[in-house]
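So you know, we letter chains A, B, ... as the sequences are listed, proteins then strands, and number each from 1.
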Amino acid sequence: MVVSPEISSPTATAASDIPWRDYVRGDRVHRTLYTDERVFNEEMVKVFGHTWVYLAHESQLPEPNSFVSTKLGLRPIIVTRDRQGGLHAVFNRCAHRAATVCREESGVAKSFQCPYHGWTFKNTGELVGAPWPQGYGPDFDKSEFGLGKVTRVESYRGFIFGTLGESAPALADYLGEARPWLDYWIDRAPEGEVIVRSAAHRMGYRGNWKLAFDNAGDGYHPSFSHRSLLEMASRMGDSKDMSYFGKTPDDGPMKVYSLGNGHSVIDQRPNFEGPGSIWANQRPQPGREKFEELIRARYPEDADRLLDVSAGAQINLSIFPNLLIIGNQIQVIEPLSVDRTQLTWNATTIGGVPEEVNTMRMRTQEDFPAFGEPDDQANFEEVQRGLAVTEEEWVLMNRGLNVDGWQTIDENGVIVTAVTDEIHMRGYYEEWLRLMNGETQ
Amino acid sequence: MSQKVQDYSDTSSWSYHVDESFYADLDRFGEVLRADWPAAGVQTAREAEAFLAREARLIDEGRFNDWLELFGPDCLYWVPITPGGGDPRREVSHAFDDCRRLTDRVYWLRTGLAFSQIPQSRTRRVIGNVEVLDEPGSGLRFIRSNFIVNEFRAGVAKTYTGWYGHVLAPQEDGWQIRLKQANLLDSEQIHENLTLVF
Ligand code: FES
Ligand SMILES: [Fe+2]
């Protein structure tokens, strides 16, 4: 085994000089990427700063002058709409002496007045005024003291991203091959209208943020990590949704796609055949039978489609570094510290369907956060514990490497392979490496 | 189809009863649980406290099958995310368990395969500020109380605070839970591993 220097050892160089390539090899990554605070701090600047990071959904900013408080890495920010509806993101950090100027999670505001000494800023960042301006000399130029800006903010069909990276490509290009998958997910709503209006599951775990990203494209774990859920689902007979992960998933029709730029998707749809099949395989939620009866009676022509969109989309789309589309949820990874992470599961409703469909969507979106995700997160925490062994340096991601007949590449450079291939990890670590090395795309 | 499968009234297997009126009942229960009530008589108050203490003990001792027995066929075990409850038609909850889901939950806890419950949560809870309202028309008993749940699991001790709303339906030999609503003080904020029972 090759022994790499511990990044935090006193002999280590400044974070900017670390030869990251030594820590990300083709088939493994070094444990310190999950445990070392200096790596984390560097990530919070480079990964959560120099590439497109998901910030919020447009439906959370429903009217002119709406705002949502969130974070870009560790930086508190405010995503705002101006009075014409244009999107902005500003640092929630007063230009005077750094207090946050907005302490609400969301709302409507044309301006923000800092509660500390009363400086007031427009929701686009410009300084409107400071109390008793005679205390500042004649050189005081208001235009110099606006709120700092997330310089680039773009929305892709309602998904708002921001970056400080001037050399990052246009958002649509960054999403690249992930776009058709995101389109599929959005277009399950008849008019493409997705709405985030429910309170979210804000799940915390004591582990590094990348453990959640590792897992999101991992088709290897479900039959083990989710045994309790599969077992529960078989209480009344067959085990429904996800049972197809059992046995030998590599021989089944599910595939994982490596989409480039660190993105990937697991496609579970080939497990389902024909309209109504996703619904038929859904675990039983409160009110399921009554709901199905009602939909079939009132919308006989359209029933299967309405039932299917009441259950999950059957893709796991991972958009590097922090957006995970799983089921009907928009999941966001929010790093808190090197070994603490918040995973926010935003439940979604959709426009253009009867209200009962959205009520059933609420019930189906309670299932996995209650009986699936906690077991994964327990495993993330145990990984973090296991990583304390300094002598064992490597985390493997070599499953599927050099396996005959697994991988095929299409004309767009998308690699398709067996669902348990760890290509998702290898793919996003290449992107991670690029960002940490400060290389442009 | 076998006889058992056709018995749609078995709500631990079927959920035909969670309909519009089920949600409407919840709205109504919520209103009652938020209203001011006159002080209950000593006997009524003692009965209610004893019911809550017994329920608490069953959970804290991990006797989940016995706990499940306290619930009626049209029950709901509800842990909202939106403080106070919100509108469950439009919002997700930490738990929104009808009889079947609650049976699932207990089954899930007892599979021995839920890694989020290996090791199991040890809990002890204290319940206080108990108020009771016996509703004349419906015969339902409403109980409001505050709780502190202490949990220890995997080397970490945590405390959860909040209030319970119980709606009990009268039975020949006592009371059955129609609604148990556990309102965490910080229900919409970050929580690690909420797989314990409230
Ligand atoms: S810190 Fe904001 S006005 Fe002083
Ligand atoms: Fe999982």
> Measuring heavy-atom distances to chain B, does A/F224 have an atom under 4.5 Å in its side chain, in its backbone, in both, or in neither?
Replying inline: backbone

> Looking at NE2 of A/H221 and CG of A/D214, how far apart are the two atoms once the value is rounded to the nearest 0.5 Å?
Replying inline: 11.0 Å

> Using 4.0 Å as the upper bound for N to carboxylate O, is an ion pair formed by B/D104 and A/R283?
Replying inline: no

>> Using a 3.5 Å distance criterion without hydrogens, assess whether the side chain of B/T111 forms a donor-acceptor pair with backbone atoms of A/S228.
In response: no

> Which one, A/A378, A/A200, A/G287, A/A199, leads in non-hydrogen pairs under 4.5 Å with chain B?
Replying inline: A/G287

> If you count the non-hydrogen atoms of other residues, nucleotides and ligands that lie under 6.0 Å from CD in A/E104, is the total more than 12?
Replying inline: no

> With a cut-off of 6.0 Å (strictly less than), are more than 12 heavy atoms of other residues, nucleotides or ligands near CZ of A/F40?
Replying inline: yes

> Contact part of A/L336 toward chain B, heavy-atom cut-off under 4.5 Å: side chain, backbone, both or neither?
Replying inline: side chain

> Do you know which of A/G204, A/A347, A/A370 has the most heavy-atom pairs under 4.5 Å to chain B?
Replying inline: A/G204

> Of the backbone (N, CA, C, O) and the side chain (C-beta and beyond), which part of A/Q342 lies under 4.5 Å from a heavy atom of chain B, both, or neither?
Replying inline: both

>> Using heavy-atom distances under 4.5 Å, tell me whether B/T103 contacts chain A through its side chain, its backbone, both, or neither.
In response: both

> Do NZ/NE/NH1/NH2 and the carboxylate oxygens of B/E192 and A/R340 come within less than 4.0 Å?
Replying inline: yes

>> Is it the case that over 12 heavy atoms from other parts of the model lie below 6.0 angstrom from the CZ atom of A/R103?
In response: yes

> Side chain, backbone, both or neither: which part of A/E105 has a heavy atom under 4.5 Å from chain B?
Replying inline: side chain

>> For the interface with chain B, which of A/Q285, A/R361, A/E355, A/E382 has the highest count of heavy-atom pairs at distances below 4.5 Å?
In response: A/Q285

> Any salt bridge between B/R28 and B/E31, counting N to O under 4.0 Å?
Replying inline: no

>> Taking side chain as everything from C-beta outward and backbone as N, CA, C, O, which of these in B/I190 sits under 4.5 Å from a heavy atom of chain A? Side chain, backbone, both or neither.
In response: both

>> At a 4.5 Å cut-off on heavy atoms, which part of B/R105 comes close to chain A: side chain, backbone, both, or neither?
In response: both

> So, are A/R202 and B/D186 salt-bridged, with charged N and O less than 4.0 Å apart?
Replying inline: no

>> Is A/F371 close to chain B through its backbone or its side chain, or both, or neither, when contacts mean heavy atoms under 4.5 Å?
In response: both

>> Strictly below 4.0 Å, N to O, side chains only: are A/R206 and A/E381 in salt-bridge contact?
In response: no

> Can A/R235 be said to sit on top of B/W108's aromatic six-ring, NZ or CZ under 6.0 Å from centre and within 45° of the ring axis?
Replying inline: no

>> Using heavy-atom distances under 4.5 Å, tell me whether B/Y107 contacts chain A through its side chain, its backbone, both, or neither.
In response: side chain

> Is it the side chain or the backbone of B/Y23 that comes within 4.5 Å of chain A heavy atoms, both, or neither?
Replying inline: side chain

> Is chain A contacted by the side chain of B/T195, its backbone, both, or neither, given a heavy-atom distance below 4.5 Å?
Replying inline: side chain

>> Please classify the contact of B/P88 with chain A as side chain, backbone, both or neither, using a heavy-atom distance under 4.5 Å.
In response: both

>> If we define contacts as heavy-atom pairs under 4.5 Å, which of B/I118, B/T82, B/V92, B/V18 has the most with chain A?
In response: B/V92

> Between A/N358 and chain B, which part of the residue has a heavy atom less than 4.5 Å away: side chain, backbone, both or neither?
Replying inline: backbone

> Which answer fits A/E292, side chain, backbone, both or neither, if we ask what part of it has an atom under 4.5 Å from a heavy atom of chain B?
Replying inline: neither

> Considering residues, nucleotides and ligands other than B/R110, do more than 12 of their heavy atoms fall under 6.0 Å from its CZ?
Replying inline: no

> Does B/Y77 reach the main-chain N or O of B/F198 with its side chain, forming a donor-acceptor pair under 3.5 Å?
Replying inline: yes

> Taking B/D19, B/L113, B/N193 one by one, which has the highest count of heavy-atom pairs under 4.5 Å against chain A?
Replying inline: B/L113

>> Regarding B/E47 and B/R141, does a basic nitrogen lie under 4.0 Å from an acidic carboxylate oxygen?
In response: yes

>> Can you tell me which portion of A/D376 sits under 4.5 Å from chain B's heavy atoms? Options are side chain, backbone, both or neither.
In response: neither

> Please walk me through it: do B/D27 and B/R89 pass salt bridge (Lys or Arg N to Asp or Glu O under 4.0 Å)?
Replying inline: CA-CA 11 Å; B/D27 293 341; B/R89 299 171 191 83; 2.8 Å; yes

> Relative to chain B, which segment of A/P374 carries a heavy atom at a distance below 4.5 Å: side chain, backbone, both, or neither?
Replying inline: both

> Is chain B contacted by the side chain of A/R385, its backbone, both, or neither, given a heavy-atom distance below 4.5 Å?
Replying inline: side chain

>> With a 4.5 angstrom heavy-atom cut-off, is it the side chain or the backbone of B/S116 that approaches chain A, or both, or neither?
In response: both

> In terms of heavy-atom pairs under 4.5 Å with chain B, which of A/I195, A/D367, A/T349, A/T344 leads?
Replying inline: A/D367

>> Which atoms of B/A154 are under 4.5 Å from chain A, going by heavy atoms: the side chain, the backbone, both sets, or neither?
In response: both

